[in-house]
Amino acid sequence: GAVVSQHPSWVICKSGTSVKIECRSLDFQATTMFWYRQFPKQSLMLMATSNEGSKATYEQGVEKDKFLINHASLTLSTLTVTSAHPEDSSFYICSARGGSGGSAFGSGTRLTVV
Amino acid sequence: LAKTTQPISMDSYEGQEVNITCSHNNIATNDYITWYQQFPSQGPRFIIQGYKTKVTNEVASLFIPADRKSSTLSLPRVSLSDTAVYYCPLLEGNTGKLIFGQGTTLQVKP
C-alpha cells in the first residue's frame, strides 16, 4: 500500500528559530499533499493543501508566511515553521494523495518550542 | 465543508463486536465516508472508505444508509490492541481534503 515517510519524528527548537519538516511519498507519486496540526487530546486540523508545482492553499486562520510549504516534486513536500514560538508546539502530520485518490498519513512530527 | 459528529468515548471487552456511529447530516454529493484509526503520537491509519450501502474489508465493515447522513463502523471481535481513537472524516471528492471532527476513543478491556 501507499507509504508516507515524515521526518523528523520529533524536534526541539529555541523560540525564534525555524524548523523544517519533510514529507515523502515512498512508493507513489503524490500530486497533492496535506498538512495537519494536532494539539493534545484534540482532533486533526487541516492547515493547508500542497499541490506539486504550484502554491499551497491555506485554510482560514492559518498564517501562510509563518507556515511555509514547498512541494517541488511529486514525492516531497516540506513545511517550515518560521520564527517558532511556544504556542506553535504541536504534532504536525502530513498526508499524501496519489493520482488514484487514496491517501496515506505520515507518522507525525512532535515539535516542541522552548 | 460538512462536519461529523461521533460519541466521545466507548468501552468494550475483548472478543466483542464494536459499532461506532458517525453523523454527517450535511454530507455533500461528492463526499466519501472514511474511517481512520489513530494511536497516541502516530499518524492516522486508514481503515475503510465507502460512498453508500455496505463495504467490507479484512478488518472492518462500513454501513451507510440510503440518505448517507450517518455511517457505522463495525469492528468484529476487538482485541486490546484496538484501543485507539477512531475518526470518520469526510473525503471531499474534488479536492481530496479530509476534514476531521472529534473522534471516538475506544477502550477495549480484558
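Within every chain, numbering begins at 1; the chains are lettered A, B, ... in the order of the sequence lines, protein sequences first and strands thereafter. Predicted, not measured: the structure shown is a model, and the values here were computed from it. The figures that follow rest on heavy atoms only: side chains count, while hydrogens, waters and symmetry mates do not.
Residues A:S43 and B:G101 come closest through the heavy atom pair OG-O, 2.7 Å.
Looking at B:Y32, there are no atoms closer than 4.5 Å to chain A (heavy atoms on both sides), in backbone or side chain. With a 4.5 angstrom heavy-atom cutoff, B:T105 does not touch chain A via any of its atoms. Proximity to chain B (any heavy atom under 4.5 Å) is restricted, for A:I93, to the side chain, taken from C-beta onward.
Residues B:Y36 and A:S103 form a side-chain contact, since some pair of their non-hydrogen atoms from C-beta on lies under 4.5 Å apart.
Under a hydrophobic-cluster definition in which Ile, Leu, Val, Met, Phe, Trp and Tyr are linked whenever side-chain heavy atoms come within less than 4.5 Å, directly or via other members, A:M33 and B:I99 are assigned to different clusters. In terms of hydrophobic clustering, with Ile, Leu, Val, Met, Phe, Trp and Tyr side chains grouped at heavy-atom distances under 4.5 Å, A:V4 and A:L74 are assigned to different clusters. Hydrophobic clustering of Ile, Leu, Val, Met, Phe, Trp and Tyr side chains at less than 4.5 Å, counting indirect connections, unites B:V108 with B:W35. A continuous path of hydrophobic side-chain contacts links B:V18 to B:L62 [ILVMFWY only; heavy atoms under 4.5 Å]. Hydrophobic clustering (side-chain heavy atoms under 4.5 Å, transitive across Ile, Leu, Val, Met, Phe, Trp, Tyr) groups A:V11 together with A:I69.
Distance alone, capped at 3.5 Å, places no donor-acceptor pair between the A:S107 side chain and the B:Q42 backbone. Using a distance-only test at 3.5 Å, with no hydrogens or angles considered, no donor-acceptor pair links the side chain of A:Y36 to the main chain of B:F100.
B:Y13 OH: 12 or fewer foreign heavy atoms inside a 6.0 Å radius. Within 6.0 Å of NE2 on A:H85 lie more than 12 heavy atoms contributed by other residues, nucleotides or ligands. Around the NZ atom of A:K20, the shell of radius 6.0 Å holds no more than 12 heavy atoms that belong to other residues, nucleotides or ligands.
Ring centers of B:F46 and A:F105: at least 6.0 Å apart, outside the cut-off.
Each of A:R110, A:Q6, A:Q38 has some count of heavy-atom pairs under 4.5 Å with chain B, and the biggest count is that of A:Q38. Between chain A and the residues B:P44, B:G93, B:G103, the largest count of heavy-atom pairs under 4.5 Å involves B:P44.
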inquiry  = One pair to check against side chain to side chain contact (heavy atoms under 4.5 Å, CB included): B:L98 and A:L46. What are the steps and the verdict?
reply    = CA-CA 8 Å; B:L98 283 169; A:L46 178 64; over 6 Å; no
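For the residue pair A:Q42/B:Q102, the side-chain donor-acceptor check at 3.5 Å is not satisfied.
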